[in-house]
Amino acid sequence: MHWGRVYFAVQAVAGVAWWIAVFAWVPVREATLGGLDPVVVAAFDVPLFVVGSAVAAAGVRASALVATGWTCLVAVALAGYATITGEAGWGVLLMAAAAAGSVAALCLVLWGRVPTEWILRGPFAFRPAAARQATARHVATTFGQIVVFWGLFLGVIPLALAALEQRWAVAIGFPPFALAVGVAVLALASILGIGSAVAMSTRGRGTPLPSAMPNLLVIAGPYRWLRNPMAVAGIAQGVAVGLLLGSWLVIVYALAGSLLWNYAIRPAEEADLERRFGDEFRRYRSEVGCWIPRVPKARRSALG
């Protein structure tokens with residue numbers, strides 16, 4: 001609970017500083033509130049956001065609920081306002097960040113932790129694939145996943161974010177070489193992702209999907225050097241798409257996805273692998289890096 005209360009204390013102080021800046025400097029008011037009347041907004045926001053966060057920092061759970069609910073409501077409403085008018089884009093980003101932080105802090109206040117296991121339910125729950133299915137079926141399922149996931153996470157969502165970035169007037173200029181870098185990174189990351197998918201589906205008797213995980217521990221192809229090459233590839237692809245679109249918001253989206261995966265999904269996935277493969281996985285985890293390629297000890301000895 002301690003860190004949740006610390007967050008709400010920081011948020012209360014930040015809220016006070018922001019409101020002082022809103023009334024003291026016109027550029028801050030225009031960038032974060034657009035044409036909205038600051039007096040009217042402050043009449044609701046100061047008691048519900050600033051005071052609510054301060055009381056939540058004192059340990060009052062009901063106040064944490066109120067502050068979080070209000071923050072999320074304002075973030076959604078301000079996003080709608082900015083999309084319609086083209087104003088207050090920076091305010092949307094600030095409130096979206098505050099909403100995400102408030103939700104996490106509320107979880108810490110209520111339960112002492114963020115219940116990341118909620119993400120891995122239903123179709124995303126870890127289950128091994130049917131072992132008797134043919135390898136061709138696993139390969140087809142894997143490439144079907146690639147089409148859907150790449151289309152959504154590297155196509156639809158980035159294009160929407162880039163469009164909103166322009167509409168909210170929060171875009172920044174990229175250097176001319178960003179396009180070439182984006183093309184190169186996207187090509188290399190896509191090769192890594194496809195190679196990893198092929199290794200997983202042909203060697204593991206399963207797929208990368210949580211609902212049809214491999215029945216064998218795969219230590220082949222890119223998995224010889226990285227424990228999670230598909231995650232590394234996906235994050236690099238997201239950054240590359242951001243470079244191609246000239247969108248810093250898409251790059252932030254890709255990096256935020258890396259944090260979500262590393263702290264919410266990876267621990268549960270590795271715990272599942274450890275339960276199923278025991279010492280074999282523990283040895284693999286100790287020898288092969290998660291984010292940075294590493295040559296396992298046995299191969300280092302052979303090379304030496």
Side-chain angles (χ1 to χ4, degrees), residues 3-110 114 157-174 242 245-253 255-256 259:
W3 288 111
R5 291 168 60 178
V6 168
Y7 173 84
F8 280 115
V10 172
Q11 182 164 270
V13 173
V16 170
W18 176 64
W19 275 113
I20 291 173
V22 165
F23 284 104
W25 291 288
V26 173
V28 173
R29 181 164 66 248
E30 292 179 343
T32 57
L33 288 179
L36 296 173
D37 187 336
V39 175
V40 174
V41 177
F44 291 94
D45 194 69
V46 169
L48 294 173
F49 180 74
V50 178
V51 177
S53 296
V55 177
V60 180
R61 294 186 173 189
S63 188
L65 282 166
V66 170
T68 301
W70 173 254
T71 305
C72 292
L73 177 63
V74 170
V76 172
L78 200 57
Y81 171 79
T83 303
I84 294 171
T85 65
E87 300 177 345
W90 291 106
V92 175
L93 299 182
L94 289 174
M95 291 309 299
S102 294
V103 170
L106 177 63
C107 291
L108 293 175
V109 168
L110 295 179
V114 178
I157 293 177
L159 286 171
L161 287 174
L164 289 173
E165 185 178 306
Q166 295 295 327
R167 180 59 181 166
W168 294 346
V170 295
I172 60 175
F174 275 51
L245 296 175
S247 170
W248 71 269
L249 205 54
V250 172
I251 294 175
V252 170
Y253 150 77
L255 297 177
L259 295 176

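Worth knowing before you read on, the calculation uses all heavy atoms, side chains too, and leaves out hydrogens, waters and symmetry mates. Because the structure is predicted, anything quoted here is derived from the model rather than measured.
- Nearest heavy-atom pair, Ala54 versus Ala12, reported as atom, atom and distance to 0.1 Å: N-CB, 3.7 Å.
- At distances below 3.5 Å, at least one donor-acceptor pair connects side-chain atoms of Trp248 with backbone N or O atoms of Val170.
- The two residues Ala169 and Gly86 come nearest to each other via the heavy atoms CB-O, 4.4 Å.
- Every residue meeting the side chain to side chain donor-acceptor pair (under 3.5 Å) condition with Trp70, not counting sequence neighbours, appears here in chain and number order: Asp45.
- Residues passing the side chain to side chain donor-acceptor pair (under 3.5 Å) test with Thr83 are Trp168, sequence neighbours excluded.
- In this structure the side chain of Phe49 reaches within 4.5 angstrom of the side chain of Thr71, judged on heavy atoms.
- Put simply, CD1 on Ile84 and CZ on Arg167 are 9.0 Å apart, with the number rounded to the nearest 0.5 Å.
- Partners of Val16 according to the side-chain contact (heavy atoms from CB on, under 4.5 Å) rule, which considers only residues two or more places apart in sequence or in another chain, are Ile20, Val50.
- When all heavy atoms of Ala104 and Val114 are compared, the closest pair comes out as O-CG2, 4.0 Å.
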Stepwise side-chain contact (heavy atoms from CB on, under 4.5 Å) check, Ile251 with Phe174: CA-CA 12 Å; Ile251 294 175; Phe174 275 51; 3.8 Å; yes
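- In plain terms, the two heavy atoms of Leu65 and Leu110 that are nearest each other are CD2-CD1, 4.4 Å.
- Among all heavy-atom pairs drawn from Phe8 and Ala56, the shortest one is CG-CB, 3.7 Å.
- Two residues are said to be in side-chain contact when any heavy atoms from C-beta on lie closer than 4.5 Å; Leu93 and Leu249 meet this criterion.
- Partners of Tyr7 according to the side chain to side chain donor-acceptor pair (under 3.5 Å) rule, which considers only residues two or more places apart in sequence or in another chain, are Gln11.
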Please set out all donor-acceptor pairs under 3.5 angstrom arising from side-chain atoms of residues 23-36, sequence neighbours excluded.
unit_1: Arg29; atom_1: NH1; unit_2: Val22; atom_2: O; d: 2.8
unit_1: Thr32; atom_1: OG1; unit_2: Trp18; atom_2: NE1; d: 3.4
unit_1: Thr32; atom_1: OG1; unit_2: Val28; atom_2: O; d: 2.6

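- The two residues Met95 and Leu78 come nearest to each other via the heavy atoms CG-CD2, 4.1 Å.
- With sequence neighbours excluded, the residues forming a side chain to side chain donor-acceptor pair (under 3.5 Å) with Ser247 are Glu165, listed by chain and number.
- Atom CG of Leu106 is separated from atom CZ of Arg61 by 9.5 Å, given to the nearest 0.5 angstrom.
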